[in-house]
Every structure is written in C-alpha cells, then in structure tokens.
Amino acid sequence: MLNKLAASELVLNDDGSVYHLNLLPEDIADKIILVGDPDRVAKVSNYFDTVEIKKNKREFYTHTGTLRGERITVMSTGIGTENIDIVMNELDALVNIDLQNKEFKTEHKALELFRMGTCGSVNPDVQVDNMLVTQNVVGLDGLMHFYQDYEFENEFSKNFLEKFPYAKIKPMLYFSDWSEDMGEYYKDAKYHGNTATFPGFYAPQGRQLRLKALDDKFLETLNELGVTNFEMETSAIYALSKLLGHKAITVNNVIANRRRGEFSADHHASEKNLINWVLERIIK
Ligand code: R1P
Ligand code: URA
C-alpha cells in the first residue's frame with residue numbers, strides 16, 4: 001500500500017479536520033464514549049468538570065473535557081454500522097495518520113472506546129433497565145466482508161454457524177468479541193452476554209408492523225444459539241477496533257424485553273442511571 005493518501009481517500013475539511021466528524025487531532029481524548037443518540041452527548045458531558053470542545057456535523061456530535069482530572073470525549077455515532085465505519089476510520093485517522101502530510105504515523109496509538117447504548121433482549125430472563133456488557137458479538141450487517149484480513153472465525157462463531165438455519169443471511173455474518181482487558185471496567189455488570197447487531201430496527205430485529213419478518217421464531221432461534229440481546233452498532237465497533245488496533249467494550253441498557261413484550265417504564269431515568277454507571281467505572 002502507498003504510504004501517502006490521495007485527497008479523495010482521506011477527505012479533509014477546509015480547516016484540516018476529518019470530513020464527517022469535523023474534528024482535529026487535538027479535539028479528542030484517548031478515552032472516548034460512543035453513544036448513538038446525539039441528544040445523549042450533552043447529557044453525558046453535563047457530568048464533566050470542564051468541557052473545552054463542542055463540535056458537530058450531521059449526526060456526529062462531540063464534546064471533550066475533563067472528569068476527575070482525566071481528559072474524556074463523548075461522541076454520537078447516530079444509528080447503524082455504516083456510521084460506525086465512518087466513526088472508526090476517522091477516529092483512527094485522527095490518531096494514526098499525519099493529516100497534513102496524509103502519511104501513516106510510524107508510532108501506533110490505541111484508543112479506548114466505550115459504547116454506551118440501549119438494546120433489546122431476546123433472552124426472556126434478562127430484565128429491562130439493567131446493564132448488559134457484550135462479550136461476543138455476531139454482526140448480521142455484513143460490513144466486515146468489505147475488509148481484507150478480517151478473521152471471521154472465533155470460539156462463539158463455530159457453534160453458532162453450525163446451527164444457524166437461515167441460509168439467505170448466513171453469507172453476511174461476521175463475529176468479534178470485546179477487548180478482554182476492558183472487561184475489568186465493567187466486571188460488576190448485572191449481565192455479560194452475546195449481542196447480535198442488525199442492519200435495521202424492524203424486520204431485522206423480528207418486528208412486524210405492516211411487513212412480515214423472515215421468521216416468527218427468529219428471536220427464539222437466536223436465543224437458542226446463545227444470543228442474549230441486540231442493537232445496531234457493536235459488531236462494527238468490535239471488529240474494526242481489532243483490525244485498527246484499538247480497544248473497545250459495549251455496555252447497553254436493556255430497554256426492551258422482546259420475548260416478554262416489555263419496555264422500560266421510564267427509559268429517561270434508565271438512561272441517567274446508565275450514564276452514571278459508566279462514568280463511575282471508566283474514570284476513577
Ligand atoms: C435504535 O433505536 C438505536 O438504539 C440503539 C440501537 O443500537 C440503535 O442505534 O442504540 P443507541 O441507544 O446508542 O442509539
Ligand atoms: N435498540 C435496538 O436496536 N432495539 C431495541 O429493541 C431497543 C434498542
């Protein structure tokens with residue numbers, strides 16, 4: 001691969017910031033909280049002691065400041081793994097590419113990435129309004145099939161693929177897992193589980209409004225294969241972190257138990273609880 005990137009490949013804004021995130025290297029900390037919802041960014045940074053950077057473009061809102069003396073960033077990713085493809089590549093460019101010269105840096109920097117999101121549960125016993133940390137993830141969104149050098153098999157995938165019955169979507173599956181040492185931050189979480197990441201909220205997650213989903217028993221089948229919960233970003237965060245050499249962990253607040261038909265009675269209170277829970281653990 002050529003070391004110098006063309007203007008069309010690493011696109012920069014007029015001020016030299018990365019194209020979608022609209023950020024300069026000095027705008028981010030080494031610890032970054034990733035949330036889906038742009039409104040959650042200020043809800044998190046309200047707990048910071050100082051906020052020095054507030055920038056945004058499209059659905060990507062970023063606040064950087066300090067908490068208990070440590071520099072920290074919170075950023076919204078919007079919904080879906082296609083956004084995560086942008087977030088991960090541009091965050092990595094901010095630390096591992098010399099943006100002015102468009103050259104790869106010789107020293108690699110690893111970021112610590114903490115997704116703080118919401119999810120639905122496919123395990124009837126997983127109660128709403130609790131934290132669920134993702135150990136393994138299966139991506140049903142296909143993203144990693146566009147990248148070379150991705151290791152598709154892992155411990156979780158072997159058993160899963162043998163028994164996964166849906167031939168039509170099997171070719172786009174991929175697997176990943178957490179950065180194990182990041183598990184230390186969240187070792188007291190109520191649940192540790194296996195997450196499925198979907199490229200949609202409705203039929204991909206078995207929801208049927210006016211359109212039929214693949215199979216009425218889809219969620220039960222996933223749970224039988226060891227999946228506890230689902231959402232729309234973690235597969236890409238974990239897989240791209242591995243390829244790019246960053247560390248990542250997801251904790252999601254369970255707001256829906258799909259097998260019991262339950263939704264959080266107060267998801268705003270539940271979100272506040274999630275924010276406190278994460279901040280207490282990642283900044284000592
Ligand atoms: C769907 O409502 C969105 O909520 C979940 C899903 O992954 C998807 O992004 O995450 P966030 O709460 O982080 O947005
Ligand atoms: N996020 C999802 O993607 N699905 C749910 O059911 C809840 C949160």
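The chain is numbered in sequence order, starting from 1. Counting starts at 1 for both ligands and their atoms, following the listed order.
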Which of the numbered atoms in ligand 1 are below 4.0 angstrom from a heavy atom of Arg115?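 This gives 5 (C), 7 (O), 10 (O), 11 (P), 13 (O) as the contact atoms.
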Need the ligand 1 atom indices (1-based, order shown) with element for anything under 4.0 Å from a heavy-atom of Glu231.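 What qualifies from ligand 1 is 7 (O).
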Side-chain donor-acceptor pair present, Asn229, Tyr191, cut-off under 3.5 Å: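 Per modelled atom types, Asn229 and Tyr191 side chains form no pair under 3.5 Å.
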With distance as the sole criterion, is a donor-acceptor pair present between the side chains of Thr118 and Glu231 under 3.5 Å?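 Short answer, no.
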Looking only at heavy atoms, which two atoms of Cys119 and Asn252 are closest? And how far apart?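 Nearest pair, atom of Cys119 first, then Asn252: SG-CB, 3.5 Å.
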Grab the two heavy atoms, one from Leu173 and one from Leu161, that are nearest each other, plus how far apart they are.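 It is CD1-CD2, 3.9 Å.
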Any side-chain to backbone donor/acceptor pair from [X] onto [Y]? Under 3.5 Å, distance only.
X: Lys242; Y: Asp177; value: yes
X: Asn123; Y: Asn223; value: no
X: Glu103; Y: Asp98; value: no

Using a 3.5 Å cut-off on N or O atoms only, is Gly78 in polar contact with ligand 1?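 Among all N and O atoms of Gly78, none is under 3.5 Å from an N or O of ligand 1.
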Among all protein heavy atoms in this structure, tell me which lies nearest to [atom], with the distance rounded to 0.1 Å.
atom: atom 12 (O) of ligand 1; value: Thr118 OG1, 2.6 Å
atom: atom 14 (O) of ligand 1; value: Gly36 CA, 3.5 Å
atom: atom 2 (O) of ligand 1; value: Phe201 CE1, 3.7 Å

With respect to Tyr185, which candidate in Arg281, Glu112, Lys284 satisfies the side chain to side chain donor-acceptor pair (under 3.5 Å) definition?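 Among Arg281, Glu112, Lys284, the one that satisfies the side chain to side chain donor-acceptor pair (under 3.5 Å) with Tyr185 is Glu112.
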Which is closest to atom 11 (P) of ligand 1 in terms of heavy atoms, Gln205, Arg40, Met232?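 Checking each option, the heavy atom nearest atom 11 (P) of ligand 1 is found in Arg40.
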For atom 6 (C) of ligand 1, which of the options Met116, His267, Glu233 provides the nearest non-hydrogen atom?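 When every heavy atom of Met116, His267, Glu233 is considered, Glu233 comes closest to atom 6 (C) of ligand 1.
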is_close_aromatic(His192, Tyr186), centroid dist under 6.0 Å: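 Here the rings of Tyr186 and His192 have centres that are no less than 6.0 Å from each other.
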Verify the ring-centre separation between Phe175 and Phe160: is it less than 6.0 angstrom?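 Yes - the distance between ring centres of Phe160 and Phe175 falls below the 6.0 Å cut-off.
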Return a table of N or O atom pairs, ligand 2 on one side and protein on the other, at distances under 3.5 Å, rounded to 0.1 Å.
{"unit_1": "ligand 2", "atom_1": "3 (O)", "unit_2": "Gln205", "atom_2": "NE2", "d": "2.9"}
{"unit_1": "ligand 2", "atom_1": "4 (N)", "unit_2": "Gln205", "atom_2": "OE1", "d": "2.8"}
{"unit_1": "ligand 2", "atom_1": "6 (O)", "unit_2": "Arg207", "atom_2": "NH2", "d": "2.6"}

